[in-house]
**Q** 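Attaching a single structure in structure tokens format; questions to follow.
Numbers here simply count residues along the sequence, with the first being 1. Below, each value reflects all heavy atoms present in this structure, side chains not excepted, and no hydrogens, waters or symmetry copies. Remember, predicted model here, so these are calculated numbers, not experimental data.
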Amino acid sequence: MKKVIAVIDILHFSDDQVRGFKYFARQTNSQLTVICLDNLTAGVAAVPASVFPEPSVIGYSQISVEARVALQWQITQNTKQLRQLCGNDDINIILKESVSSPVTEIVNASRFADLILVSNSTSFAALSDSNPPRFVKDILAEAECPVMVLPDIPVPVKEIIFAYNGTYSSIYAIRQFTLLFPEYADTAIRVVYVAENDQAAIPFKHDLKTYLDAHYSKVEYAILNGEPATEFLALLIRRDDCIVTYGAFGRSGISRFFHRSDADSILRTTNIPVFVTHP
């Protein structure tokens, strides 16, 4: 049994997001805890204009009190909806008001978790946000356990794609995924290496093969040539039935393959789950 935490903005979530969280919790044979963050700054934007006829002259402290009253009904209704979606699956639902930073709340929780699940559209920004949202990028960079970023409408997984470049961080991500998801032992596995630094062959292939053959029944290897970010995006752009692993999101390193911007492009333009972790 593993401890998996799913992150939900209690004011903005969908039935499909919750179904995706439940699916991956089952795949890890885990107890699922859903942390419902309630962030005022994001929620104020959803309050009808009539509640605040002159929002430009209202101070933050005034909004924080009045918005709580205006939004409480919606929070209550959404919580009821969430409990109905979770049904009798014995899912632990924790409703938390994010009094400081939603990122801080989740990073603290990640210290005592095996996996964080979050939708790729989750945002706690009141105004325009980036794509992927800043909240998601910050969680990927700062979480102290692996993170799985899910599309809003996940589909069944037919293949696992391990991004590999011979570094410790890439094999660490592969190993963490393997330990977390034993249910994928018979799923098709593809190890993708983009040739870099004039090294055309897959680094440490014999050792990698020995490890993967101990855990998976169907493994194949692919070597791509060109700009790593471009080649990998081309491989994934039309896929919606696979999971891709990344290592060392947001961390410095010599490899061109695992730059934060590369993972951002995958999250921004594809519709697949992305598994990210770093040592």
**Q** With no hydrogens and no angle check, just 3.5 Å: does a side-chain donor-acceptor pair link Thr122 and Asp9?
**A**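 Distance-only check fails for Thr122 and Asp9.
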**Q** Answer whether the closest heavy-atom distance between the side chains of Ile153 and Asn271 falls below 4.5 Å.
**A** no
**Q** Can you tell me how far the CD1 atom of Ile272 sits from the CG atom of Leu150, to the nearest 0.5 Å?
**A**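 With rounding to 0.5 Å, CD1 (Ile272) is 11.5 Å from CG (Leu150).
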**Q** Restricting to non-hydrogen atoms, name the atom on Thr277 and the atom on Cys145 that form the minimum distance, rounded to 0.1 Å.
**A**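 Looking at all heavy atoms of both residues, the closest pair is OG1-C, 4.3 Å.
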**Q** Would you find a donor on one side and an acceptor on the other, under 3.5 Å apart, between the side chain of Tyr164 and the backbone of Pro203?
**A** yes
**Q** Does a side-chain heavy-atom distance below 4.5 Å link His206 with Thr210?
**A** yes
**Q** One pair to check against side chain to side chain contact (heavy atoms under 4.5 Å, CB included): Leu212 and Tyr221. What are the steps and the verdict?
**A** CA-CA 11 Å; Leu212 293 178; Tyr221 299 82; 3.9 Å; yes
**Q** State whether the side chain of Asp114 and the backbone N or O of Lys3 hold a donor-acceptor pair below 3.5 Å, judged by distance alone.
**A**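 Yes.
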**Q** Out of curiosity, does Tyr184 fall in the hydrophobic cluster containing Val155 (side-chain heavy atoms, cut-off under 4.5 Å, transitive links)?
**A**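 Val155 does not cluster with Tyr184.
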**Q** What verdict does the side chain to side chain contact (heavy atoms under 4.5 Å, CB included) test give for Thr28 and Met148, after you've listed the backbone C-alpha separation in whole Å, the side-chain angles of each residue and the deciding distance to 0.1 Å?
**A** CA-CA 12 Å; Thr28 56; Met148 179 85 84; over 6 Å; no
**Q** Are the side chains of Ser121 and His12 in touch, meaning some heavy atoms are under 4.5 Å apart?
**A** no
**Q** Is the number of heavy atoms from other residues, nucleotides or ligands within 6.0 Å of CZ (Phe204) greater than 12?
**A** no
**Q** Enter the distance from Ile171:CD1 to Thr178:OG1 here, rounded to the nearest 0.5 Å.
**A** 7.5 Å
**Q** Is the closest side-chain heavy-atom distance between Ile10 and Thr79 below 4.5 Å?
**A**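 Yes. Closest side-chain heavy atoms under 4.5 Å.
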**Q** When rounded to the nearest 0.5 angstrom, what distance separates CD in Glu144 from CG in Asn108?
**A** 7.5 Å
**Q** For a 4.5 angstrom cut-off between non-hydrogen side-chain atoms, does Thr104 reach Glu142?
**A**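 Sidechains of Glu142 and Thr104: no contact.
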**Q** How close do Phe275 and Pro146 get, counting heavy atoms only, and between which atoms?
**A**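 For Phe275 versus Pro146, the nearest heavy atoms are CZ-CB, 3.5 Å.
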**Q** Taking all non-hydrogen atoms of both residues, which atom of Pro273 and which atom of Pro151 are closest, and how far apart?
**A** N-CD, 3.7 Å
**Q** Crowded around Ile237 CD1? As in, over 12 foreign heavy atoms under 6.0 Å?
**A** yes
**Q** Search all heavy atoms of Ala200 against all heavy atoms of Ala195 and return the closest pair with its distance.
**A**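 Between these two residues, the closest heavy atoms are CA-CB, 4.1 Å.
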**Q** For residues Asp138 and Ile106, determine if any side-chain heavy atom of one lies less than 4.5 Å from a side-chain heavy atom of the other.
**A** no
**Q** So, for Phe21 and Ser119, which heavy atoms are closest and what is the spacing to 0.1 Å?
**A** CZ-N, 4.0 Å
**Q** After noting the C-alpha distance and the side-chain angles of Leu82 and Cys36, does the key distance pass the side chain to side chain contact (heavy atoms under 4.5 Å, CB included) rule?
**A** CA-CA 10 Å; Leu82 178 61; Cys36 309; 3.3 Å; yes
**Q** Is any side-chain heavy atom of Ile243 closer than 4.5 Å to a side-chain heavy atom of Ile160?
**A**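 With C-beta onward as the side chain, the pair touches.
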**Q** Can you list everything that forms a side chain to side chain donor-acceptor pair (under 3.5 Å) with Thr187? Sequence neighbours excluded, please.
**A** none
**Q** Between atom CZ of Phe24 and atom CZ of Phe181, what is the distance when rounded to the nearest 0.5 Å?
**A**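 So the gap between those two atoms works out to 6.0 Å.
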**Q** Distance from Lys2 atom NZ to Gln27 atom CD, nearest 0.5 Å?
**A** 11.0 Å
**Q** Using a distance-only test with no angle check, is there a side-chain donor-acceptor pair under 3.5 angstrom linking Asp16 and Ser14?
**A**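 The criterion, which ignores hydrogens and geometry beyond distance, is not satisfied for Ser14 and Asp16.
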**Q** About how many Å separate OG1 of Thr245 and CD1 of Ile174, when rounded to the nearest 0.5 Å?
**A** 5.0 Å
**Q** In the single-linkage hydrophobic clustering (I, L, V, M, F, W, Y; side-chain heavy atoms under 4.5 Å), do Leu179 and Tyr246 co-cluster?
**A** no
**Q** Using the side chain to side chain contact (heavy atoms under 4.5 Å, CB included) rule, pick out the option among Val136, Ile116, Leu117 that qualifies with Val7.
**A**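 Only one of Val136, Ile116, Leu117 forms a side chain to side chain contact (heavy atoms under 4.5 Å, CB included) with Val7, namely Ile116.
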**Q** Could you see if Leu85 belongs to whatever hydrophobic cluster contains Ile94? Use Ile, Leu, Val, Met, Phe, Trp, Tyr and a side-chain cutoff under 4.5 Å.
**A**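 No; tracing contacts between hydrophobic side chains, which count when under 4.5 Å, never links both residues.
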**Q** Within a strict 4.5 Å, meaning less than it, do heavy atoms of the Pro102 and Phe135 side chains meet?
**A** yes
**Q** Is the side chain of Lys209 donor-acceptor paired with the backbone N or O of Val219 at a distance under 3.5 Å, no angle test?
**A** no
**Q** What is the minimum heavy-atom distance between Ala185 and His215, and which atoms define it?
**A**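 Shortest heavy-atom separation between Ala185 and His215 comes out as CB-O, 3.5 Å.
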